[in-house]
Amino acid sequence: MLPLDRKCEDFRTLRRTLGYTLSVVTAALPEKGFAFMCECALWNDTDINWILRENLKKKRLAKFPQQIATVTELLT
């Protein structure tokens with residue numbers, strides 16, 4: 001397995017993209033999407049946590065306040 005360079009442009013582009021798109025998938029499939037977000041929050045990875053926080057800010061998820069609170073609690 002190659003070492004991961006989290007500062008390279010390809011990784012940064014992927015991170016920014018996931019910071020937007022995960023909420024699109026979650027809005028379409030909220031049960032599975034929020035379950036996945038909860039699982040990811042348990043990984044305690046700084047980049048994953050950033051991606052989750054960015055997605056939780058999106059208006060498309062505003063109609064799920066309880067689920068947002070659950071994921072947010074796991075991130076603290």
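FYI, side chains are in, hydrogens and waters are out, and symmetry mates aren't considered; it's all heavy atoms of this structure. Positions are given from 1 along the sequence.
Rounding to the nearest 0.5 angstrom, the gap separating the CZ atom in R16 from the CD atom in E54 is 11.5 Å. Interatomic distance, L18 CG to T13 OG1, rounded to the nearest 0.5 Å: 11.0 Å. Rounding to the nearest 0.5 Å gives a distance of 8.0 Å between CZ of R12 and CZ of R15. Separating the CG atom in L52 from the CD1 atom in I68 is a distance of 12.0 Å, to the nearest 0.5 Å. Atom CG in N55 sits 9.5 Å away from atom CZ in F34 (nearest 0.5 Å). Note that CG of L61 is 6.0 Å distant from OG1 of T26, once rounded to the nearest 0.5 Å.
Atom CD of E9 sits in a crowded spot, with more than 12 heavy atoms from other residues, nucleotides or ligands closer than 6.0 Å. No more than 12 heavy-atom neighbours from other residues, nucleotides or ligands sit within 6.0 angstrom of OH on Y20. Within 6.0 Å of CZ in F64 there are more than 12 heavy atoms belonging to other residues, nucleotides or ligands.
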May I have the list of side-chain donor-acceptor pairs in residues 38-46 shorter than 3.5 Å, sequence neighbours left out?
from : atom 1 : to  : atom 2 : distance (Å)
W43  : NE1    : E39 : O      : 3.4
D45  : OD1    : R6  : NH1    : 3.1
D45  : OD1    : D47 : N      : 2.9
D45  : OD1    : I48 : N      : 3.0
D45  : OD2    : R6  : NH1    : 3.0
D45  : OD2    : R6  : NH2    : 2.8

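In terms of heavy-atom proximity, R60 sits nearest to S23 at NH1-OG, 2.6 Å.
Hydrophobic clustering of Ile, Leu, Val, Met, Phe, Trp and Tyr side chains at less than 4.5 Å, counting indirect connections, unites L75 with M37. Transitive grouping of hydrophobic side chains (ILVMFWY, heavy atoms separated by less than 4.5 Å) keeps F36 and V24 in distinct clusters.
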